Amino acid sequence: MNSVKEGWTLVRLHFFIVILLFIYRLAWGVFNYKYTESGIVPLLLRYPGSGQSELNRTLFWMESQIALTQSSSVHLYLWVLLAVIVLRMLLTPLVRAGVYYSLHMKRQQGRRSFLTGIRLFWRSSLLYYTVETCLLLLPGYWIIPSLLQTLSGSLQEPLLAAVHLLPYIVLWGILAWLIRQCVMYMQFGTISGRGAWFSLACCMRSILPGIGISAVLGASVIVVLSIFSVSGWLWTGLLALILHQTYHFISSLFTIWHTSAQFHLWNTACDSFTKE
């Protein structure tokens, strides 16, 4: 809880990063919504209604399959979507480098250095992000075939399929958290000059408090977003629209809070390790 409190202090000192992250996520959300709407809505309007025969539905799926393989407009749509995903993956490590360096420099010199962090550490941040992504996707080589086999054999019993899938999803989620935690601490060490492997050792020594920080802040953001969702259902109209747009702000706030709390925990663990 001390790291959570100190993390909130760092959030207040770096609130401009919360605003930048909010604008960044809001812009991506608006683009994704508009772009997806431009492709999905016309397709749904062509789908045969309930009064149509099964033959019409079969023809619709056949036409869609032909369009996926031969239509240049569909190919252009998919290529643009792929380019957007790649661009998002390139921007994410840049944002991380700026946030982590800004946290480090705020403690050392009392000044904000978001853009400086991007300029100095974008290469190492991109390398860390690439390694993290590969490690996150690697279990899918073994898990996804098992998931597909389970789904193909339980299409008529969705509840049974969910029971079979839950352990895989939980284990993958735990592994993903551990990978991200280790990569984040190693990047802290690279930016601060303490060393990646030394920071990884600090991560292992402070794994339980790290889990506690993620649990506390994760539960908090779920509660807050649930309250906003219920309020949006009860009070529809302009208020519901405003509450919906605050989702990006709340998620950005808790993202920076979680990073700041983990940064404080990392710094404390490394200081304690050094003294020993």
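This structure is a prediction, so every number in the text was calculated from the model and none was measured.
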(request) Answer with yes or no after comparing the ring centroid distance for Y100 and F263 against a 6.0 Å cut-off, counting only values under it. (result) no

(message) Please check: side-chain N/O of Q181 versus main-chain N/O of C203, any donor-acceptor pairing under 3.5 Å?
(response) no

(message) Do L81 and F31 sit in one hydrophobic cluster, given that two such residues count as connected whenever their side-chain heavy atoms are within less than 4.5 Å of each other, even indirectly?
(response) yes

(message) Run H14 and S260 through side-chain hydrogen bond (donor to acceptor under 3.5 Å, both in side chains) and show every step you take.
(response) CA-CA 9 Å; H14 297 81; S260 302; 5.8 Å; no

(message) For residues 79-97, which residue pairs pass the salt bridge (charged side-chain N to carboxylate O under 4.0 Å, His left out) check, not counting sequence neighbours?
(response) R96-E132

(message) Under a 3.5 Å threshold, yes or no: a donor from one side chain and an acceptor from the other, between Y24 and S252?
(response) no

(request) Using the test ring pair (Phe, Tyr, Trp, His ring centres under 6.0 Å), find all partners of W257 that sit at least two apart in sequence or belong to another chain. (result) W8, F254

(request) Check whether the side chains of H104 and S192 place a donor and an acceptor atom closer than 3.5 Å, and report yes or no. (result) no

(message) For residues I118 and M105: do they belong to one hydrophobic cluster (side chain heavy atoms under 4.5 Å, members Ile, Leu, Val, Met, Phe, Trp, Tyr)?
(response) yes

(message) Measuring only between side-chain heavy atoms, which start at C-beta, is I207 closer than 4.5 Å to Y185?
(response) no

(message) Applying salt bridge (Lys or Arg N to Asp or Glu O under 4.0 Å), can you list everything that pairs with R25, at least two apart in sequence or on another chain?
(response) none

(message) Is the shortest side-chain heavy-atom distance between V170 and L166 below 4.5 Å?
(response) yes

(request) Could you tell me which non-hydrogen atom of I213 sits nearest to which non-hydrogen atom of V4, and how far apart they are? (result) CG1-CG2, 4.2 Å

(request) Check whether F121 and M184 end up in the same hydrophobic cluster, where Ile, Leu, Val, Met, Phe, Trp and Tyr are linked by side-chain heavy atoms less than 4.5 Å apart. (result) yes

(request) Spell out, as yes or no, whether a donor-acceptor pair under 3.5 Å connects the side chain of S251 to the backbone of H248. (result) yes

(request) Kindly indicate whether the side chain of W177, heavy atoms from C-beta on, has any atom under 4.5 Å from the side chain of S214. (result) yes

(request) Would you check if L136 and R180 make a side-chain contact, meaning some heavy-atom pair closer than 4.5 Å? (result) yes

(message) Can you give me the closest heavy-atom contact between F114 and V95, atom names plus distance?
(response) CE1-O, 3.8 Å

(request) Evaluate the side-chain proximity of L175 to L171: yes if any heavy-atom separation is below 4.5 Å, no if none is. (result) no

(request) Side-chain contact test, heavy atoms from C-beta onward, threshold under 4.5 Å: evaluate it for V183 versus Y129 and give yes or no. (result) no

(request) Look only at the side chain of W266 and the backbone of A261, and say whether a donor-acceptor pair between them is shorter than 3.5 Å. (result) no

(request) Decide yes or no for L253 and F15: does some side-chain heavy atom of the first lie under 4.5 Å from some side-chain heavy atom of the second? (result) yes

(request) Would you name the heavy atoms of M186 and W197 that are closest together and state the gap between them? (result) CE-CZ3, 4.1 Å

(message) So does P93 get a backbone contact from the side chain of S125, meaning a donor-acceptor N/O pair under 3.5 Å?
(response) yes

(message) Please find the pair of heavy atoms, one from F198 and one from F273, that lie closest to each other, and give the distance.
(response) CE1-CD1, 3.7 Å

